[in-house]
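Reviewing the structure listed below.
Excluded from the calculations below are hydrogen atoms, water molecules and symmetry mates; all remaining heavy atoms, backbone and side chain alike, are included. Every value quoted in this text rests on a predicted model; they were computed, and no experiment measured them. First the proteins, then the strands, lettered A, B, ... as listed; each starts at 1.
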Protein chains: 2
Amino acid sequence: MRQNSNHITRHRDCADCDHQSSSFFCNMAREDLKALSINKSASIYKKGQVIFNEGNRPHGLYCIYEGKVKLSKLGDFGKEQILRMAKNGDILGYRAAVCNEKYYSTATALEDSEICHISLENFNKVLCNSTDLNFKLMKLLTTDVKESEKKILNISQKNVEERVAEALMVLYEVFGMEEDGQTINVTITRKEIGDMAGVTTESTIRKLSDFSRKGLIKIDGRKLLIPDVKKLSLVAKL
Amino acid sequence: MRQNSNHITRHRDCADCDHQSSSFFCNMAREDLKALSINKSASIYKKGQVIFNEGNRPHGLYCIYEGKVKLSKLGDFGKEQILRMAKNGDILGYRAAVCNEKYYSTATALEDSEICHISLENFNKVLCNSTDLNFKLMKLLTTDVKESEKKILNISQKNVEERVAEALMVLYEVFGMEEDGQTINVTITRKEIGDMAGVTTESTIRKLSDFSRKGLIKIDGRKLLIPDVKKLSLVAKL
DNA sequence: AAATGTGATCTAGATCACATTT
DNA sequence: AAATGTGATCTAGATCACATTT
(Lines give C-alpha, C1' and ligand atoms only; values in the text may rest on other atoms or scores of the structure.)
Protein backbone atom coordinates (compact mmCIF):
# COMPACT_ATOMS: atom_id res chain seq x y z
CA MET A 1 0.00 0.00 0.00
CA ARG A 2 2.45 2.61 1.25
CA GLN A 3 5.49 1.27 -0.52
CA ASN A 4 6.91 4.75 -0.86
CA SER A 5 7.09 5.17 2.86
CA ASN A 6 9.68 2.42 3.20
CA HIS A 7 12.54 3.43 5.33
CA ILE A 8 15.67 2.85 3.30
CA THR A 9 18.20 1.77 5.82
CA ARG A 10 21.64 1.40 4.36
CA HIS A 11 23.67 -0.19 1.68
CA ARG A 12 24.30 -3.82 2.46
CA ASP A 13 27.04 -5.68 0.68
CA CYS A 14 26.26 -9.34 -0.12
CA ALA A 15 29.95 -10.10 0.28
CA ASP A 16 29.77 -9.06 3.94
CA CYS A 17 26.25 -10.31 4.68
CA ASP A 18 25.75 -11.95 8.08
CA HIS A 19 23.28 -14.36 6.53
CA GLN A 20 25.66 -15.39 3.79
CA SER A 21 26.16 -18.91 5.05
CA SER A 22 22.48 -19.80 4.94
CA SER A 23 21.43 -17.59 2.05
CA PHE A 24 20.63 -18.47 -1.52
CA PHE A 25 23.87 -16.72 -2.44
CA CYS A 26 26.01 -18.78 -0.10
CA ASN A 27 29.39 -19.98 -1.34
CA MET A 28 29.33 -17.70 -4.34
CA ALA A 29 32.51 -16.07 -5.61
CA ARG A 30 33.27 -12.86 -3.72
CA GLU A 31 33.58 -10.89 -6.93
CA ASP A 32 30.09 -11.98 -8.01
CA LEU A 33 28.67 -10.97 -4.63
CA LYS A 34 30.38 -7.60 -4.99
CA ALA A 35 28.92 -7.19 -8.46
CA LEU A 36 25.41 -8.04 -7.20
CA SER A 37 25.70 -5.44 -4.47
CA ILE A 38 26.30 -2.45 -6.73
CA ASN A 39 23.35 -0.10 -6.28
CA LYS A 40 21.71 -2.55 -3.94
CA SER A 41 19.39 -1.04 -1.35
CA ALA A 42 17.81 -2.46 1.77
CA SER A 43 14.32 -1.38 2.82
CA ILE A 44 12.15 -2.02 5.83
CA TYR A 45 8.72 -3.41 5.03
CA LYS A 46 6.18 -3.23 7.81
CA LYS A 47 4.09 -6.26 8.73
CA GLY A 48 1.37 -6.65 6.11
CA GLN A 49 3.13 -4.48 3.57
CA VAL A 50 3.33 -5.74 0.00
CA ILE A 51 6.81 -6.17 -1.49
CA PHE A 52 5.58 -6.86 -4.99
CA ASN A 53 2.23 -7.57 -6.53
CA GLU A 54 0.99 -10.32 -8.84
CA GLY A 55 0.79 -8.95 -12.37
CA ASN A 56 3.31 -6.13 -11.92
CA ARG A 57 6.41 -5.81 -14.03
CA PRO A 58 9.52 -6.84 -12.11
CA HIS A 59 11.80 -4.04 -10.97
CA GLY A 60 14.38 -6.42 -9.63
CA LEU A 61 15.11 -9.31 -7.40
CA TYR A 62 14.58 -9.34 -3.64
CA CYS A 63 16.56 -11.04 -0.94
CA ILE A 64 15.30 -11.20 2.64
CA TYR A 65 17.95 -9.82 4.97
CA GLU A 66 15.83 -10.26 8.07
CA GLY A 67 12.18 -11.16 8.20
CA LYS A 68 9.37 -13.40 7.05
CA VAL A 69 7.39 -13.23 3.85
CA LYS A 70 4.42 -15.08 2.36
CA LEU A 71 4.03 -15.59 -1.38
CA SER A 72 0.43 -15.89 -2.41
CA LYS A 73 -1.93 -15.71 -5.32
CA LEU A 74 -5.56 -14.65 -5.54
CA GLY A 75 -8.13 -17.02 -6.99
CA ASP A 76 -11.12 -16.27 -9.14
CA PHE A 77 -12.85 -14.40 -6.54
CA GLY A 78 -10.57 -13.00 -3.98
CA LYS A 79 -9.73 -16.19 -2.15
CA GLU A 80 -6.04 -16.25 -1.32
CA GLN A 81 -3.80 -19.27 -1.77
CA ILE A 82 -0.44 -19.14 -0.03
CA LEU A 83 2.13 -20.79 -2.27
CA ARG A 84 5.32 -20.42 -0.31
CA MET A 85 6.83 -19.02 2.86
CA ALA A 86 10.22 -17.29 2.77
CA LYS A 87 12.77 -16.40 5.47
CA ASN A 88 16.21 -14.83 5.96
CA GLY A 89 18.48 -15.35 2.99
CA ASP A 90 15.69 -16.47 0.64
CA ILE A 91 15.28 -14.70 -2.67
CA LEU A 92 11.97 -13.53 -4.10
CA GLY A 93 10.80 -12.60 -7.57
CA TYR A 94 13.47 -14.58 -9.37
CA ARG A 95 11.13 -16.17 -11.85
CA ALA A 96 9.94 -12.84 -13.09
CA ALA A 97 13.55 -11.65 -13.09
CA VAL A 98 14.92 -14.59 -15.07
CA CYS A 99 12.28 -14.58 -17.77
CA ASN A 100 11.39 -10.93 -17.65
CA GLU A 101 7.79 -11.83 -17.05
CA LYS A 102 5.31 -10.22 -14.72
CA TYR A 103 5.27 -11.28 -11.08
CA TYR A 104 3.13 -14.34 -10.84
CA SER A 105 2.45 -14.04 -7.13
CA THR A 106 2.25 -11.41 -4.43
CA ALA A 107 4.89 -11.10 -1.70
CA THR A 108 3.71 -9.76 1.65
CA ALA A 109 5.73 -9.22 4.83
CA LEU A 110 4.46 -11.42 7.68
CA GLU A 111 6.39 -9.28 10.15
CA ASP A 112 8.52 -6.14 9.93
CA SER A 113 11.27 -7.18 7.54
CA GLU A 114 14.41 -5.79 6.04
CA ILE A 115 14.64 -6.77 2.42
CA CYS A 116 17.41 -6.08 -0.08
CA HIS A 117 16.69 -5.11 -3.65
CA ILE A 118 19.03 -6.15 -6.43
CA SER A 119 18.54 -4.47 -9.78
CA LEU A 120 17.56 -6.59 -12.76
CA GLU A 121 20.57 -5.36 -14.70
CA ASN A 122 23.06 -6.37 -12.05
CA PHE A 123 21.43 -9.69 -11.51
CA ASN A 124 21.32 -10.55 -15.18
CA LYS A 125 24.89 -9.39 -15.66
CA VAL A 126 26.13 -11.73 -12.94
CA LEU A 127 23.82 -14.49 -14.14
CA CYS A 128 25.37 -14.36 -17.62
CA ASN A 129 28.88 -14.76 -16.29
CA SER A 130 28.36 -17.15 -13.43
CA THR A 131 27.80 -20.81 -14.18
CA ASP A 132 27.45 -21.22 -10.46
CA LEU A 133 24.56 -18.76 -10.11
CA ASN A 134 22.97 -20.34 -13.15
CA PHE A 135 23.10 -23.74 -11.60
CA LYS A 136 21.87 -22.51 -8.22
CA LEU A 137 18.89 -20.91 -9.89
CA MET A 138 18.14 -24.00 -11.93
CA LYS A 139 18.27 -26.07 -8.77
CA LEU A 140 15.95 -23.62 -7.00
CA LEU A 141 13.44 -23.73 -9.85
CA THR A 142 13.57 -27.51 -9.85
CA THR A 143 12.82 -27.55 -6.13
CA ASP A 144 9.95 -25.13 -6.69
CA VAL A 145 8.37 -27.40 -9.28
CA LYS A 146 8.80 -30.37 -6.99
CA GLU A 147 7.22 -28.55 -4.06
CA SER A 148 4.34 -27.26 -6.17
CA GLU A 149 3.59 -30.68 -7.55
CA LYS A 150 3.65 -32.12 -4.06
CA LYS A 151 1.14 -29.46 -3.09
CA ILE A 152 -1.13 -30.42 -6.00
CA LEU A 153 -1.22 -33.99 -4.75
CA ASN A 154 -1.81 -32.89 -1.17
CA ILE A 155 -4.64 -30.52 -1.90
CA SER A 156 -6.33 -32.90 -4.27
CA GLN A 157 -5.94 -36.08 -2.24
CA LYS A 158 -5.58 -35.24 1.44
CA ASN A 159 -8.38 -34.28 3.81
CA VAL A 160 -8.63 -31.11 5.89
CA GLU A 161 -7.06 -32.66 8.98
CA GLU A 162 -4.00 -33.80 7.06
CA ARG A 163 -3.65 -30.51 5.21
CA VAL A 164 -3.88 -28.34 8.33
CA ALA A 165 -1.35 -30.55 10.10
CA GLU A 166 0.91 -30.26 7.08
CA ALA A 167 0.62 -26.46 7.02
CA LEU A 168 1.89 -26.42 10.61
CA MET A 169 4.73 -28.73 9.64
CA VAL A 170 5.67 -26.39 6.79
CA LEU A 171 5.73 -23.44 9.18
CA TYR A 172 7.96 -25.40 11.51
CA GLU A 173 10.27 -26.49 8.70
CA VAL A 174 10.63 -23.01 7.23
CA PHE A 175 10.74 -20.86 10.35
CA GLY A 176 11.91 -23.33 12.96
CA MET A 177 11.25 -23.11 16.69
CA GLU A 178 11.86 -20.40 19.25
CA GLU A 179 14.42 -20.89 22.02
CA ASP A 180 12.05 -23.13 23.98
CA GLY A 181 12.30 -25.65 21.18
CA GLN A 182 8.57 -26.09 20.72
CA THR A 183 7.00 -22.75 19.79
CA ILE A 184 6.82 -22.28 16.03
CA ASN A 185 8.87 -19.17 15.30
CA VAL A 186 6.19 -17.19 13.47
CA THR A 187 3.04 -15.25 14.27
CA ILE A 188 0.32 -16.13 11.83
CA THR A 189 -3.47 -15.93 11.70
CA ARG A 190 -5.84 -18.86 11.44
CA LYS A 191 -6.94 -17.51 8.08
CA GLU A 192 -3.38 -17.66 6.79
CA ILE A 193 -2.94 -21.24 7.95
CA GLY A 194 -6.16 -22.01 6.10
CA ASP A 195 -4.88 -20.18 3.03
CA MET A 196 -1.80 -22.38 3.04
CA ALA A 197 -3.89 -25.55 3.24
CA GLY A 198 -6.77 -24.52 0.98
CA VAL A 199 -9.24 -24.70 3.87
CA THR A 200 -11.79 -22.18 5.17
CA THR A 201 -10.92 -20.19 8.28
CA GLU A 202 -13.73 -21.83 10.26
CA SER A 203 -12.58 -25.35 9.47
CA THR A 204 -9.00 -24.37 10.27
CA ILE A 205 -10.04 -23.02 13.68
CA ARG A 206 -12.00 -26.16 14.44
CA LYS A 207 -9.14 -28.39 13.38
CA LEU A 208 -6.62 -26.48 15.51
CA SER A 209 -8.90 -26.74 18.58
CA ASP A 210 -9.21 -30.39 17.80
CA PHE A 211 -5.42 -30.82 17.61
CA SER A 212 -5.11 -28.90 20.87
CA ARG A 213 -7.68 -31.14 22.57
CA LYS A 214 -5.73 -34.17 21.38
CA GLY A 215 -2.48 -32.69 22.72
CA LEU A 216 -0.92 -32.52 19.25
CA ILE A 217 -0.37 -28.77 19.61
CA LYS A 218 -0.72 -26.11 22.28
CA ILE A 219 -2.41 -22.84 21.45
CA ASP A 220 -1.11 -19.64 23.00
CA GLY A 221 -3.05 -16.94 21.17
CA ARG A 222 -1.42 -16.55 17.78
CA LYS A 223 1.55 -18.64 18.83
CA LEU A 224 1.42 -22.37 18.24
CA LEU A 225 3.51 -24.96 20.02
CA ILE A 226 4.29 -28.45 18.80
CA PRO A 227 5.32 -30.61 21.74
CA ASP A 228 6.03 -33.61 19.55
CA VAL A 229 6.88 -32.87 15.91
CA LYS A 230 6.94 -36.52 14.97
CA LYS A 231 3.38 -37.08 16.18
CA LEU A 232 2.09 -34.15 14.15
CA SER A 233 3.93 -35.30 11.05
CA LEU A 234 2.14 -38.62 11.37
CA VAL A 235 -1.21 -36.82 11.39
CA ALA A 236 -0.09 -34.91 8.28
CA LYS A 237 0.71 -38.28 6.65
CA LEU A 238 4.12 -37.05 5.63
CA MET B 1 6.65 -53.27 -17.45
CA ARG B 2 8.35 -54.75 -20.51
CA GLN B 3 10.76 -51.94 -21.11
CA ASN B 4 13.33 -54.35 -22.44
CA SER B 5 11.10 -55.36 -25.27
CA ASN B 6 11.18 -51.89 -26.83
CA HIS B 7 11.88 -52.00 -30.50
CA ILE B 8 14.87 -49.74 -31.06
CA THR B 9 14.23 -48.22 -34.40
CA ARG B 10 17.13 -46.18 -35.62
CA HIS B 11 19.52 -43.44 -34.83
CA ARG B 12 17.85 -40.08 -35.19
CA ASP B 13 19.94 -36.96 -35.45
CA CYS B 14 18.49 -33.90 -33.68
CA ALA B 15 20.10 -31.73 -36.34
CA ASP B 16 17.94 -33.39 -39.00
CA CYS B 17 14.79 -33.88 -36.92
CA ASP B 18 11.48 -33.25 -38.70
CA HIS B 19 10.03 -31.85 -35.50
CA GLN B 20 12.90 -29.46 -34.99
CA SER B 21 10.84 -26.33 -35.59
CA SER B 22 8.34 -27.07 -32.84
CA SER B 23 10.61 -28.95 -30.49
CA PHE B 24 12.18 -27.88 -27.25
CA PHE B 25 15.48 -27.91 -29.09
CA CYS B 26 14.32 -25.59 -31.86
CA ASN B 27 16.71 -22.89 -33.04
CA MET B 28 19.66 -24.41 -31.28
CA ALA B 29 23.13 -24.30 -32.81
CA ARG B 30 23.65 -27.17 -35.25
CA GLU B 31 26.84 -28.23 -33.52
CA ASP B 32 25.00 -28.54 -30.18
CA LEU B 33 22.29 -30.61 -31.80
CA LYS B 34 24.96 -32.84 -33.32
CA ALA B 35 26.61 -33.20 -29.93
CA LEU B 36 23.31 -34.14 -28.30
CA SER B 37 22.72 -36.81 -30.91
CA ILE B 38 25.86 -38.82 -30.23
CA ASN B 39 24.77 -42.25 -28.98
CA LYS B 40 21.17 -41.15 -29.07
CA SER B 41 18.66 -43.93 -29.62
CA ALA B 42 14.99 -43.89 -30.51
CA SER B 43 12.64 -46.50 -29.09
CA ILE B 44 9.01 -47.39 -29.63
CA TYR B 45 6.89 -47.45 -26.48
CA LYS B 46 3.54 -49.18 -26.77
CA LYS B 47 0.40 -47.51 -25.48
CA GLY B 48 0.36 -47.83 -21.70
CA GLN B 49 4.07 -48.58 -21.47
CA VAL B 50 6.08 -46.74 -18.82
CA ILE B 51 9.01 -44.64 -20.06
CA PHE B 52 10.35 -43.90 -16.61
CA ASN B 53 9.08 -44.42 -13.11
CA GLU B 54 8.76 -42.10 -10.13
CA GLY B 55 11.61 -42.75 -7.73
CA ASN B 56 14.00 -44.29 -10.26
CA ARG B 57 17.44 -42.89 -10.94
CA PRO B 58 17.56 -41.00 -14.24
CA HIS B 59 19.32 -42.74 -17.08
CA GLY B 60 18.99 -39.79 -19.36
CA LEU B 61 16.70 -37.30 -20.95
CA TYR B 62 13.83 -38.17 -23.24
CA CYS B 63 12.46 -36.30 -26.21
CA ILE B 64 9.21 -37.33 -27.88
CA TYR B 65 9.80 -37.87 -31.57
CA GLU B 66 6.25 -38.91 -32.27
CA GLY B 67 3.58 -39.65 -29.72
CA LYS B 68 1.71 -38.63 -26.60
CA VAL B 69 2.76 -39.07 -23.01
CA LYS B 70 1.22 -38.40 -19.61
CA LEU B 71 3.30 -37.45 -16.59
CA SER B 72 1.71 -38.50 -13.35
CA LYS B 73 2.34 -39.15 -9.71
CA LEU B 74 0.75 -41.57 -7.29
CA GLY B 75 -0.82 -40.29 -4.08
CA ASP B 76 -0.83 -41.81 -0.65
CA PHE B 77 -2.86 -44.65 -1.66
CA GLY B 78 -2.65 -45.40 -5.30
CA LYS B 79 -4.73 -42.51 -6.60
CA GLU B 80 -3.11 -41.08 -9.68
CA GLN B 81 -2.70 -37.36 -10.34
CA ILE B 82 -1.79 -36.39 -13.89
CA LEU B 83 0.59 -33.45 -13.74
CA ARG B 84 1.34 -32.79 -17.36
CA MET B 85 0.67 -33.97 -20.90
CA ALA B 86 3.48 -34.06 -23.45
CA LYS B 87 3.59 -34.27 -27.23
CA ASN B 88 5.98 -34.32 -30.20
CA GLY B 89 9.14 -32.35 -29.54
CA ASP B 90 8.59 -32.13 -25.78
CA ILE B 91 11.33 -33.28 -23.46
CA LEU B 92 10.81 -35.45 -20.41
CA GLY B 93 12.83 -36.16 -17.30
CA TYR B 94 14.84 -32.95 -17.50
CA ARG B 95 14.43 -32.07 -13.83
CA ALA B 96 15.96 -35.33 -12.72
CA ALA B 97 18.64 -34.88 -15.38
CA VAL B 98 19.56 -31.33 -14.39
CA CYS B 99 19.82 -31.97 -10.66
CA ASN B 100 20.73 -35.62 -10.84
CA GLU B 101 17.78 -36.44 -8.63
CA LYS B 102 15.37 -39.31 -8.89
CA TYR B 103 12.44 -39.04 -11.28
CA TYR B 104 9.70 -37.25 -9.46
CA SER B 105 6.89 -38.44 -11.70
CA THR B 106 6.05 -41.36 -13.95
CA ALA B 107 5.91 -41.02 -17.73
CA THR B 108 3.50 -43.31 -19.56
CA ALA B 109 2.78 -43.49 -23.29
CA LEU B 110 -0.85 -42.57 -24.07
CA GLU B 111 -0.47 -44.10 -27.52
CA ASP B 112 2.30 -45.96 -29.37
CA SER B 113 5.14 -43.46 -29.34
CA GLU B 114 8.65 -43.12 -30.67
CA ILE B 115 10.83 -41.51 -28.05
CA CYS B 116 14.49 -40.52 -28.28
CA HIS B 117 16.87 -41.05 -25.42
CA ILE B 118 19.75 -38.65 -24.85
CA SER B 119 22.44 -39.76 -22.43
CA LEU B 120 22.97 -37.74 -19.26
CA GLU B 121 26.62 -37.23 -20.13
CA ASN B 122 25.88 -35.76 -23.52
CA PHE B 123 23.14 -33.57 -22.22
CA ASN B 124 25.21 -32.20 -19.38
CA LYS B 125 28.17 -31.67 -21.67
CA VAL B 126 26.09 -29.55 -24.03
CA LEU B 127 24.35 -27.84 -21.12
CA CYS B 128 27.70 -26.68 -19.71
CA ASN B 129 28.73 -25.09 -22.98
CA SER B 130 25.48 -23.69 -24.24
CA THR B 131 24.10 -20.54 -22.66
CA ASP B 132 21.20 -20.99 -25.03
CA LEU B 133 20.26 -24.44 -23.73
CA ASN B 134 20.71 -23.17 -20.20
CA PHE B 135 18.31 -20.36 -20.78
CA LYS B 136 15.80 -22.57 -22.58
CA LEU B 137 15.81 -24.95 -19.66
CA MET B 138 15.43 -22.16 -17.14
CA LYS B 139 12.51 -20.83 -19.12
CA LEU B 140 10.93 -24.29 -19.25
CA LEU B 141 11.31 -24.74 -15.50
CA THR B 142 9.79 -21.32 -14.91
CA THR B 143 6.79 -22.27 -17.03
CA ASP B 144 6.46 -25.52 -15.13
CA VAL B 145 6.33 -23.70 -11.79
CA LYS B 146 3.76 -21.28 -13.21
CA GLU B 147 1.58 -24.10 -14.53
CA SER B 148 1.84 -26.07 -11.31
CA GLU B 149 0.88 -23.10 -9.20
CA LYS B 150 -2.06 -22.41 -11.48
CA LYS B 151 -3.11 -26.01 -10.93
CA ILE B 152 -2.90 -25.59 -7.15
CA LEU B 153 -5.29 -22.66 -7.36
CA ASN B 154 -7.62 -24.53 -9.69
CA ILE B 155 -7.85 -27.71 -7.68
CA SER B 156 -8.23 -25.86 -4.41
CA GLN B 157 -10.73 -23.23 -5.56
CA LYS B 158 -12.66 -24.48 -8.58
CA ASN B 159 -15.54 -26.93 -8.53
CA VAL B 160 -15.78 -30.23 -10.39
CA GLU B 161 -17.59 -28.74 -13.38
CA GLU B 162 -14.90 -26.10 -13.90
CA ARG B 163 -12.06 -28.55 -13.41
CA VAL B 164 -13.41 -31.14 -15.85
CA ALA B 165 -14.02 -28.42 -18.44
CA GLU B 166 -10.49 -27.21 -17.89
CA ALA B 167 -9.03 -30.69 -18.33
CA LEU B 168 -10.70 -30.83 -21.75
CA MET B 169 -9.28 -27.41 -22.57
CA VAL B 170 -5.80 -28.58 -21.60
CA LEU B 171 -6.16 -31.62 -23.86
CA TYR B 172 -7.21 -29.34 -26.69
CA GLU B 173 -4.36 -26.92 -26.05
CA VAL B 174 -1.68 -29.60 -25.87
CA PHE B 175 -2.82 -32.01 -28.57
CA GLY B 176 -4.95 -29.80 -30.78
CA MET B 177 -7.79 -30.92 -33.03
CA GLU B 178 -8.01 -33.56 -35.73
CA GLU B 179 -8.58 -32.55 -39.37
CA ASP B 180 -12.28 -31.88 -38.75
CA GLY B 181 -11.28 -29.03 -36.48
CA GLN B 182 -13.38 -30.12 -33.54
CA THR B 183 -12.30 -33.57 -32.42
CA ILE B 184 -9.65 -33.42 -29.70
CA ASN B 185 -6.62 -35.20 -31.10
CA VAL B 186 -6.17 -37.76 -28.35
CA THR B 187 -7.80 -40.94 -27.12
CA ILE B 188 -8.15 -40.88 -23.39
CA THR B 189 -10.25 -42.63 -20.77
CA ARG B 190 -12.71 -40.96 -18.42
CA LYS B 191 -10.54 -42.03 -15.53
CA GLU B 192 -7.58 -40.17 -17.01
CA ILE B 193 -9.61 -37.01 -17.49
CA GLY B 194 -10.61 -37.33 -13.84
CA ASP B 195 -6.98 -37.87 -12.84
CA MET B 196 -6.06 -34.63 -14.58
CA ALA B 197 -8.79 -32.73 -12.73
CA GLY B 198 -8.56 -34.45 -9.34
CA VAL B 199 -12.08 -35.84 -9.70
CA THR B 200 -13.44 -39.39 -9.33
CA THR B 201 -14.20 -41.35 -12.49
CA GLU B 202 -17.93 -41.41 -11.69
CA SER B 203 -18.16 -37.66 -11.29
CA THR B 204 -16.14 -37.17 -14.47
CA ILE B 205 -18.51 -39.42 -16.42
CA ARG B 206 -21.55 -37.57 -15.07
CA LYS B 207 -20.03 -34.21 -15.88
CA LEU B 208 -19.14 -35.22 -19.43
CA SER B 209 -22.70 -36.50 -20.02
CA ASP B 210 -23.90 -33.22 -18.60
CA PHE B 211 -21.69 -31.23 -20.97
CA SER B 212 -22.90 -33.38 -23.84
CA ARG B 213 -26.55 -32.76 -22.91
CA LYS B 214 -25.86 -29.03 -22.85
CA GLY B 215 -24.18 -29.22 -26.28
CA LEU B 216 -20.81 -28.11 -24.91
CA ILE B 217 -19.16 -31.27 -26.19
CA LYS B 218 -20.05 -34.27 -28.33
CA ILE B 219 -19.13 -37.74 -27.18
CA ASP B 220 -18.05 -40.33 -29.71
CA GLY B 221 -16.85 -43.21 -27.57
CA ARG B 222 -13.41 -42.26 -26.33
CA LYS B 223 -13.20 -39.37 -28.75
CA LEU B 224 -14.45 -36.00 -27.56
CA LEU B 225 -15.51 -33.13 -29.80
CA ILE B 226 -15.66 -29.48 -28.83
CA PRO B 227 -17.96 -27.63 -31.24
CA ASP B 228 -17.27 -24.27 -29.63
CA VAL B 229 -14.00 -23.94 -27.77
CA LYS B 230 -14.86 -20.50 -26.48
CA LYS B 231 -18.05 -21.72 -24.81
CA LEU B 232 -16.22 -24.50 -23.04
CA SER B 233 -13.49 -22.15 -21.87
CA LEU B 234 -16.19 -20.01 -20.27
CA VAL B 235 -17.46 -23.02 -18.34
CA ALA B 236 -13.87 -23.70 -17.23
CA LYS B 237 -13.70 -20.08 -16.02
CA LEU B 238 -10.41 -19.55 -17.83
C1' DA C 1 -12.20 -3.53 13.92
C1' DA C 2 -10.35 -7.67 12.97
C1' DA C 3 -9.53 -12.28 14.55
C1' DT C 4 -11.29 -16.16 16.93
C1' DG C 5 -14.72 -19.36 18.15
C1' DT C 6 -19.01 -22.19 17.84
C1' DG C 7 -23.40 -24.02 16.78
C1' DA C 8 -26.88 -25.13 12.89
C1' DT C 9 -27.61 -26.22 8.23
C1' DC C 10 -26.68 -27.41 3.59
C1' DT C 11 -24.72 -29.61 -0.41
C1' DA C 12 -21.23 -30.97 -3.81
C1' DG C 13 -19.15 -34.67 -4.78
C1' DA C 14 -17.38 -39.07 -2.93
C1' DT C 15 -18.58 -43.79 -2.17
C1' DC C 16 -21.03 -47.98 -3.03
C1' DA C 17 -23.22 -51.25 -5.78
C1' DC C 18 -24.51 -52.85 -9.97
C1' DA C 19 -25.88 -52.95 -15.00
C1' DT C 20 -24.26 -52.15 -19.66
C1' DT C 21 -21.00 -51.40 -23.32
C1' DT C 22 -16.60 -51.81 -25.72
C1' DA D 1 -11.84 -57.72 -18.58
C1' DA D 2 -11.78 -53.08 -18.44
C1' DA D 3 -14.31 -48.91 -19.30
C1' DT D 4 -18.60 -46.62 -19.13
C1' DG D 5 -22.84 -45.42 -17.05
C1' DT D 6 -26.40 -44.66 -13.43
C1' DG D 7 -29.09 -44.69 -9.35
C1' DA D 8 -28.97 -44.48 -4.01
C1' DT D 9 -26.70 -43.00 -0.01
C1' DC D 10 -23.51 -40.70 2.87
C1' DT D 11 -20.53 -37.20 4.78
C1' DA D 12 -16.69 -33.92 5.04
C1' DG D 13 -16.35 -29.59 4.99
C1' DA D 14 -18.38 -25.26 3.26
C1' DT D 15 -21.59 -21.72 4.35
C1' DC D 16 -24.23 -18.86 7.40
C1' DA D 17 -25.04 -16.33 11.42
C1' DC D 18 -23.67 -14.74 15.53
C1' DA D 19 -21.08 -14.30 20.09
C1' DT D 20 -16.62 -13.51 22.16
C1' DT D 21 -11.85 -12.16 22.42
C1' DT D 22 -7.75 -9.51 21.19
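- Protein chain B contacts DNA chain C from C:dG13 to C:dC16, reading 5' to 3' and using non-hydrogen atoms of the protein with a distance under 4.0 Å.
- The residues B:Arg163 and B:Glu166 are annotated as not salt-bridged, no charged nitrogen and carboxylate oxygen being separated by less than 4.0 angstrom.
- Annotation: B:Lys231, atom NZ; neighbour count of heavy atoms from other residues, nucleotides and ligands within 6.0 Å does not exceed 12.
- Using a 4.0 Å cut-off between charged nitrogen and carboxylate oxygen, B:Arg206 and B:Asp210 do not count as a salt-bridge pair.
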**Item:** Secondary structure string for DNA chain C (Watson-Crick or G-U under 3.5 angstrom, | for other-strand pairs)
**Value:** ||||||||||||||||||||||
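- A salt bridge is defined here as a Lys NZ or Arg NE, NH1 or NH2 lying under 4.0 Å from an Asp or Glu carboxylate O, and B:Lys47 with B:Asp112 fails to meet this definition.
- Between A:His59 and A:Tyr103, the ring planes lie perpendicular to each other; the angle is over 60°, past the 30° to 60° tilted range.
- Put simply, the side chain of B:Thr106 does not reach to within 4.5 Å of the side chain of B:Lys70, judged on heavy atoms.
- Sorted by residue number, the members of residues 195-209 of chain A with any non-hydrogen atom under 4.0 Å from DNA chain C read A:Glu202, A:Ile205, A:Arg206, A:Ser209.
- We find that A:Lys73 and B:Glu149 are not joined by a salt bridge, their nearest charged nitrogen and carboxylate oxygen being 4.0 Å or further apart.
- A 6.0 Å sphere centred on CZ of B:Phe211 holds more than 12 heavy atoms belonging to other residues, nucleotides or ligands.
- Counting heavy-atom neighbours within 6.0 Å of A:Lys214 NZ, excluding the residue itself, gives a total above 12.
- Around atom NZ of A:Lys40, more than 12 heavy atoms belonging to other residues, nucleotides or ligands sit under 6.0 Å away.
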